[in-house]
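Treat the numbers as computed from the prediction; the structure is a model and nothing was measured.
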Amino acid sequence: MSRSPIRWIYSFALLAILAAGSYFLIDYLQERALHALPYGYKKFNLSDPPPACGRWKAHMPATRDPATYRLYIEARNVWRSKIAWQFTHEEAMRILTDVRKAADLGDWGARALMSHFYLYGLGVLESNHVLDADPDKAVEIARMAAKELQPWGVYDLGVAYEHGYGGAHYDVDLAWAYYLKAAELGSPEAQMTLASAYAHEGRLNDEETMVQCAYQQGHGAAAFALGVDRRVSKKFEDSAKYFQEGVKFGSEDCASALKQLFDTGYWVTTAEEDKPALAALGVRADLERSNRYSIIYDTLKINPDLKLGRLDKVLPLPPAKLPEWSGVDDAVEPESKGPPTY
């Protein structure tokens with residue numbers, strides 16, 4: 001056999017090897033890029049110190065267009081006014097139309113709510129269904145917010161990567177990098193997520209730090225966590241105060257905890273020897289207090305947006321006596337008449 005055909009065979013073989021190598025190299029580089037951390041992000045390491053207490057408002061636009069904000073907030077108020085199946089098709093369509101318009105005009109709150117609608121859909125019944133779930137669009141909106149380093153968008157992207165939906169591939173390390181960044185930027189949800197990780201690792205002081213970060217920003221879940229912790233450690237006065245603050249923040253869980261407390265004058269988990277400590281604080285079975293917390297609980301289940309800043313005026317903790325009230329509205333903080341900011 002002559003050398004020429006052999007050289008051709010070797011050449012084709014070499015080209016085939018190079019082509020295959022290039023394919024795998026490109027595939028490797030693409031896969032590596034897919035899992036690379038964005039600029040300014042770092043891997044979450046449980047052995048590192050916790051991040052500083054960021055405040056989410058510090059990373060949001062300082063002002064909002066009043067007309068656009070009003071369009072959004074009025075639609076949101078309607079959305080929070082009923083249980084999902086109670087809306088008519090016309091009401092659901094108006095909510096969607098106004099929120100979408102406000103989002104298109106640039107209001108960040110409307111964008112966040114549109115992302116929620118795209119993630120879960122809008123309208124739970126055939127009679128009021130106006131939007132199918134579209135996780136890709138939900139994540140697209142979150143990416144826009146994350147690009148601007150808005151804490152809620154960074155956190156939502158972390159959730160998307162943790163569960164792998166909406167075009168965000170499944171990547172736990174990337175998800176936790178986003179959670180870390182969101183916590184640094186002040187996302188209360190991200191701060192609570194980090195707190196859970198620290199608790200699982202036995203870093204209880206760091207867990208407390210992160211929960212306090214979220215609590216100081218008015219996060220209801222943080223208030224509930226602190227209330228439960230103090231209840232377990234038998235610091236009952238602190239526990240009740242945290243639950244009370246949580247109700248002000250809009251936490252239905254905190255309202256439920258206080259309803260249960262005043263049903264009998266103690267929690268079902270309270271040991272017999274601890275009941276005198278609660279009685280010494282003026283806590284006893286109080287059906288009127290229990291009933292008021294029950295009404296608030298039912299209200300917050302529908303509308304957790306409510307901020308009950310006047311709660312202590314109509315439903316103070318013992319030993320204060322109960323004043324008269326005409327309903328939950330007496331506890332609601334009146335809306336600011338100034339220009340919208342958040």
Side-chain angles (χ1 to χ4, degrees), residues 34-38 40-41 56 59-61 64 68-69 71-80 82-85 87 89 91-126 128-194 219 221 302-305 342:
L34 199 62
H35 295 275
L37 297 180
Y41 289 67
W56 70 268
H59 301 281
M60 300 300 295
R64 298 162 85 167
T68 304
Y69 170 79
L71 182 67
Y72 151 68
I73 203 64
E74 288 181 358
R76 186 184 183 98
N77 288 343
V78 174
W79 176 59
R80 288 301 201 188
K82 299 179 181 180
I83 301 171
W85 55 264
F87 289 109
H89 187 274
E91 288 172 326
M93 182 56 72
R94 174 52 68 90
I95 292 168
L96 177 62
T97 300
D98 288 353
V99 173
R100 178 180 279 152
K101 183 177 180 180
D104 290 342
L105 289 170
D107 187 87
W108 68 262
R111 288 178 176 176
L113 188 51
M114 274 306 305
S115 180
H116 175 86
F117 289 161
Y118 278 128
L119 191 57
Y120 297 103
L122 180 60
V124 297
L125 302 177
E126 185 177 347
N128 66 11
H129 185 74
V130 295
L131 184 71
D132 291 332
D134 189 341
D136 284 1
K137 289 185 178 179
V139 171
E140 181 182 339
I141 294 173
R143 288 192 189 280
M144 290 170 56
K147 188 175 181 179
E148 298 174 2
L149 291 182
Q150 293 184 3
W152 71 269
V154 177
Y155 173 76
D156 281 5
L157 269 187
V159 176
Y161 280 115
E162 183 176 10
H163 299 283
Y165 62 76
H169 56 279
Y170 173 74
D171 188 324
V172 174
D173 286 342
L174 196 53
W176 279 91
Y178 274 91
Y179 291 149
L180 176 59
K181 187 66 171 180
E184 292 172 346
L185 294 171
S187 162
E189 293 83 4
Q191 290 167 344
M192 292 298 290
T193 300
L194 263 60
H219 192 56
I302 297 172
N303 187 4
D305 287 348
Y342 297 106

Colleague: Roughly how far, to the nearest 0.5 Å, is CG of Leu71 from CG of Asp107?
Modeller: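 So the gap between those two atoms works out to 9.0 Å.
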Colleague: Could you tell me the separation between the CG atom of Leu174 and the OH atom of Tyr41, rounded to the nearest 0.5 Å?
Modeller: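 Between atom CG of Leu174 and atom OH of Tyr41 there are 9.0 Å.
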Colleague: Please report whether the ring centroid of His169 lies less than 6.0 Å from that of Tyr161.
Modeller: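 Ring-ring flag for Tyr161/His169: true, centres closer than 6.0 Å.
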Colleague: Which residue pairs pass the side chain to side chain donor-acceptor pair (under 3.5 Å) test when at least one of the two sits in residues 182-192, sequence neighbours left out?
Modeller: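 Every side chain to side chain donor-acceptor pair (under 3.5 Å) pair that includes a residue of residues 182-192, provided the two are not neighbours, is Ser187-Glu189, Gln191-Gln217.
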Colleague: Suppose the criterion is salt bridge (charged side-chain N to carboxylate O under 4.0 Å, His left out): which pairs have a residue in residues 147-169, not counting sequence neighbours?
Modeller: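 Checked against salt bridge (charged side-chain N to carboxylate O under 4.0 Å, His left out) - neighbours excluded - no pair reaches residues 147-169.
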Colleague: Where do Met192 and Ala221 come nearest, in terms of heavy atoms and distance?
Modeller: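 Shortest heavy-atom separation between Met192 and Ala221 comes out as CE-O, 3.9 Å.
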Colleague: Can you name the residues that form a ring pair (Phe, Tyr, Trp, His ring centres under 6.0 Å) with Tyr165, not counting sequence neighbours?
Modeller: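 Not a single residue meets the ring pair (Phe, Tyr, Trp, His ring centres under 6.0 Å) criterion with Tyr165.
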Colleague: So does Ala92 get a backbone contact from the side chain of Asn128, meaning a donor-acceptor N/O pair under 3.5 Å?
Modeller: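 No, because the side chain of Asn128 does not come within donor-acceptor range (under 3.5 Å) of the backbone of Ala92.
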Colleague: How close do Ser115 and Trp152 get, counting heavy atoms only, and between which atoms?
Modeller: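 In terms of heavy atoms, the two residues are closest at CB-CZ3, 4.4 Å.
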Colleague: Looking at every non-hydrogen atom in both residues, tell me the closest pair between Ala145 and Gly153 and how far apart they are.
Modeller: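 That would be CB-CA, 3.8 Å.
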Colleague: If you take all heavy atoms of Asp136 and Gly167, which pair is closest and at what distance?
Modeller: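 Looks like OD1-N, 3.4 Å.
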Colleague: List for me each residue that meets ring pair (Phe, Tyr, Trp, His ring centres under 6.0 Å) alongside Tyr179, sequence neighbours excluded, and say none if there are none.
Modeller: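 Here the qualifying residues are Tyr155, Trp176.
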Colleague: Atom CG of Asn303 and atom CH2 of Trp79: how far apart are they, to the nearest 0.5 Å?
Modeller: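 Result: 9.0 Å between the selected atoms.
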Colleague: When rounded to the nearest 0.5 angstrom, what is the spacing between CH2 in Trp56 and NE2 in His219?
Modeller: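 Here the rounded value is 12.0 Å.
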Colleague: Working to the nearest 0.5 Å, report the span between CG of Asp104 and CZ of Arg111.
Modeller: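 It comes to 8.5 Å.
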Colleague: Return the minimal non-hydrogen interatomic distance between Leu149 and Leu185, and the atom names on each side.
Modeller: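 Nearest heavy atoms, Leu149 then Leu185: O-CD1, 3.6 Å.
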Colleague: Got a list of side-chain donor-acceptor pairs under 3.5 Å for residues 95-102, not counting sequence neighbours?
Modeller:
unit_1: Thr97; atom_1: OG1; unit_2: Met93; atom_2: O; d: 2.8

Colleague: Please name all residues satisfying ring pair (Phe, Tyr, Trp, His ring centres under 6.0 Å) with His129, sequence neighbours left out, ordered by chain then number.
Modeller: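 If we apply the ring pair (Phe, Tyr, Trp, His ring centres under 6.0 Å) test to His129, skipping adjacent residues, there are no hits.
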Colleague: Heavy atoms only: give me the nearest Ala190-Ala183 pair and the separation to one decimal.
Modeller: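 Here Ala190 and Ala183 meet closest at CB-N, 3.5 Å.
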Colleague: Around atom CZ of Arg143, are there more than 12 heavy atoms of other residues, nucleotides or ligands at under 6.0 Å?
Modeller: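 Yes, enclosed.
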Colleague: Less than 4.5 Å apart, any side-chain heavy atom of Arg64 and any of Tyr72?
Modeller: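 SC-SC contact between Arg64 and Tyr72 confirmed.
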Colleague: Measure the CG-CH2 distance between Leu113 and Trp108 for me, rounded to the nearest 0.5 Å.
Modeller: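 Going from CG on Leu113 over to CH2 on Trp108, the span is 11.0 Å.
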